[in-house]
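The first residue of the sequence shown is numbered 1, and numbering continues consecutively from there. We count ligands from 1, going down the list as the structure has it; atoms in each ligand are counted the same way.
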Amino acid sequence: MTIENRIQHLLSQMTLREKIGQMVQTHSTSDANKDLVRQGLIGSLFNEADVEKVAEFQRVSIEESRLGIPLLIGRDVIHGFRTIFPIPLGQAASWNTDLVEKAARAAAREVAPTGVRWTFSPMVDIARDPRWGRIAEGAGEDPVLASAMGAAMVRGYQGEDLSHPDSIAACAKHFVGYGATEGGRDYNTADIPERTLRDVYLKPFKACVDAGVSTLMAGFNEIDGVPASGNAFTLRQILREEWKFDGFVVSDWTSILEMIVHGFCADAREAAREGTLAGVDMEMESTCYLDHLESLVASGEIPQARIDDAVRAILRIKFRLGLFENAMPAVPQAPFAAREDDLALARRLARESCVLLKNDADLLPLGKSMRSLAVIGALADSPADQIGCWSFDRHLPDIRTPLAAIRDAVGEATEVRYVRALADEPAQSREADDAAIEATSSSDAAVLFLGEGERLSGESHCRAFLDLPAHHLDLVKKIHALGKPVVVVLITGRPLTIPWVAENIPALLVAWHPGTMGGPAIADLLFGDHAPSGKLPVTFPRTVGQIPLYYNHKNTGRPPIEVERKMPMGTPLDPVGFCSCYLDAETTPQFPFGFGLSYSSISYGPTEATVEGDSFHITAQITNIGSRAITEVVQLYVRDLAGSVTRPVKELKAFQKISLAAGESRIASFLLRPDDLAFHHRDGTYGPEPGEFQAWIAPDSQGGTAARFTLS
Ligand code: NOJ
């Protein structure tokens, strides 16, 4: 029997109440809920870590409910289960879809035996505001990069066969526009015009749907006055009718009920009606569906066919996962030991996620034969902080910190002087400061670990200021004044505003929250066993006053005129030419999207564009002019010079990771199809428009030379 036949057969035996039960999801393993499972009134359990409790609920559902429909067990496995990989923003900085897919595969293989066959990942919300704590969970600001990362994660979690016991269903979230939250404040309103919604925010979701994602999660936010969890335009018209999505949509945690607080629904009954009619098939945590769908169907406010569609979609995923054949957890208890090959993968991904932002006079890599090295900063030895947000299942003893890894790397010949200064605490002790200064002055060099710990990142962890705490910066300045070589490693879940560090400290490496193997990965780079290859997936602003600051902005009628500021930021200048500028800050970023250095230099030859059928062949010669082998993320950007609506100043269209031996030259080549130039027009149609374009093959969003081409 085909899956569709099995669904139909099952559906024909279900009462309305049992159908509604499939649309209900809870996280609580209370006795009352166990009884609901027995009555067939719960379809999914989530975020229960105790494998025995999961097994018991699953057993009750299969053995004691009338139809024996298995539960779908979900969990937030966001960047690894037992083996923790870098936060998704860090993974995106690797621009390595192959590694990202492998990491998702490893996470699926680790968690599936515990009975969890569904993760609430990938988060593919475009984020242009680093104040938003959840920027850590996504791929940053660009739709092409986020699409590539999201699709890679979907492939990794779901594998080639969803019914394989090592595969789990993925969930692209939060549909849609959650990342456009005003002011970077979580759960806030998002105001997105339809064209931007389609050309920017929806793109990565479409990529996940094309990659076969099983489920989507509706967001907490509203868009244009309609909550995302009650939005028939996005959930029905776009997702089902235009994209032909055949999996199911789950709400976010109580987001159906919250439509009352939004001022969109008068009560829970109306919230159940709006959510269901809009296309949210399963309600997470709140019980509007359980409490009201039956009477809404009886009164004719919700057609029976809509309930059947929702249940069909949920059962489809349960059948595809093979839950009717095998749903019980295979292991008695989690967590279990991480595998060596997974740890090696985590190390490699963490290494490729690091971005070298500055390396004056080739200070890095450090030699391994120093007499002494000061390692300053609590973040050098804080397992939880290097893991970052959303990792319930980490096992802290597994985590290898930078301090331990630096000690291992240099061996006994180098004295490593560690001082736990720069802690993420309101006041810092004088003794720690003095000890940090003393350790640096008596060492050959210092590595400072700065940034933000896990408690400053993730859901509901938004920041109005992105600076280092004042007392941290004071100490950094004092250490810098000693005249020793100083390297800063930034441990962070988001871009921070670090103008003084960026201008004064000679070497700066961003490691994000790098995960279980973050320590060894950082040491691999600090001492040159490997060369950095990461590039920024998001713009680093100079000050929060510039936000939102993203590379693919519009030009305006009066674009900024860049002037060389001779005064510190915050000091007003005279106005420059009545253009789109600030009086007291530059308009350029501290570090642009796509930027990242390595231990060798790359020269980019001129970009050339040639016609190839109806497409364009864009090429440039790329040469490693340094003395070390490196891997470079080569990026293709395009600008549509005049459109029926204004077009961004640059848009990333494609990228490649190319390895080059010292002195080696290669031709980087991209095929640009008309479809790659498509966008939504004023009349709502989608496609490319004839006219003049520029293309850059570039090391980042600001570099490279432009070639012109014409689409006729
Ligand atoms: C709320 C978050 O917004 C969502 O991303 C997460 O998956 C759910 N809670 C479940 O924990």
Side-chain angles (χ1 to χ4, degrees), residues 24-29 42-50 54 71-81 87-89 104 107-108 111 114 116-127 132-139 146 149-150 153-154 157 168-181 184-190 201 204-205 208 213-223 227-229 231 247-259 261-262 275 280-287 388-394 454 457-462 493:
V24 175
Q25 186 189 45
T26 182
H27 89 286
S28 156
T29 45
I42 290 182
S44 171
L45 175 72
F46 76 109
N47 286 1
E48 170 54 68
D50 185 327
V54 168
L71 295 170
L72 177 53
I73 312 289
R75 188 158 187 78
D76 286 288
V77 178
I78 305 299
H79 51 119
F81 178 62
I87 51 169
L89 188 63
V111 76
T114 70
V116 171
R117 298 293 306 282
W118 181 23
T119 179
F120 307 126
S121 169
M123 185 186 103
V124 288
D125 293 312
I126 297 297
W132 188 46
R134 303 199 78 170
I135 197 169
E137 296 174 51
M149 290 296 148
M153 287 186 185
V154 170
Y157 291 131
I168 60 177
C171 179
K173 69 187 188 186
H174 305 83
F175 198 68
V176 55
Y178 182 42
T181 184
R185 195 155 47 81
D186 212 358
Y187 318 122
N188 203 3
T189 301
Y201 290 89
F205 287 96
C208 290
V213 73
S214 297
T215 69
L216 270 80
M217 186 185 293
F220 287 123
N221 57 292
E222 68 160 66
I223 323 161
S229 296
N231 199 316
F248 74 88
V249 175
V250 65
S251 77
D252 203 341
W253 182 292
T254 64
S255 68
I256 296 293
L257 187 64
E258 286 169 29
M259 290 199 285
V261 190
H262 272 285
V280 176
D281 305 301
M282 182 184 279
E283 181 181 11
M284 181 187 282
E285 202 52 24
S286 43
T287 57
C389 61
W390 287 109
S391 39
F392 308 138
D393 304 287
R394 67 199 181 187
E454 66 156 353
S457 168
E459 184 178 347
S460 193
H461 289 60
C462 302

By number and element, which atoms of ligand 1 are closer than 4.0 Å to a non-hydrogen atom of Met217? 4 (C), 7 (O)

Output the list of atoms in ligand 1 that are nearer than 4.0 Å to some heavy atom of Phe120, sorted by atom number. 7 (O)

Do His79 side-chain atoms and Cys389 backbone N/O form a donor-acceptor pair below 3.5 Å? yes

Atom 11 (O) of ligand 1: which protein heavy atom is closest, and how many Å away? Asp76 OD2, 2.4 Å

Does [X], backbone or side chain, put an N or O under 3.5 Å from an N or O of ligand 1?
X      : answer
Asp252 : yes
Asn47  : yes
Lys173 : yes

Per the side-chain contact (heavy atoms from CB on, under 4.5 Å) rule, which among Val124, Leu216, Ile223, Asn231 passes with Val176? Ile223

For residues [X] and [Y], determine if any side-chain heavy atom of one lies less than 4.5 Å from a side-chain heavy atom of the other.
X      : Y      : answer
Thr119 : Val111 : no
Asp76  : Asn47  : yes
Glu258 : Ser229 : no

[X] near ligand 1 by a heavy-atom separation under 4.0 Å:
X      : result
Met123 : no
His174 : yes
Arg134 : yes

What about the rings of Phe46 and Trp253, do their centers lie closer together than 6.0 Å? yes

Asp125, Asp186, Thr181, Asn188 screened by side chain to side chain donor-acceptor pair (under 3.5 Å) with Trp132, the one that passes: Asp186

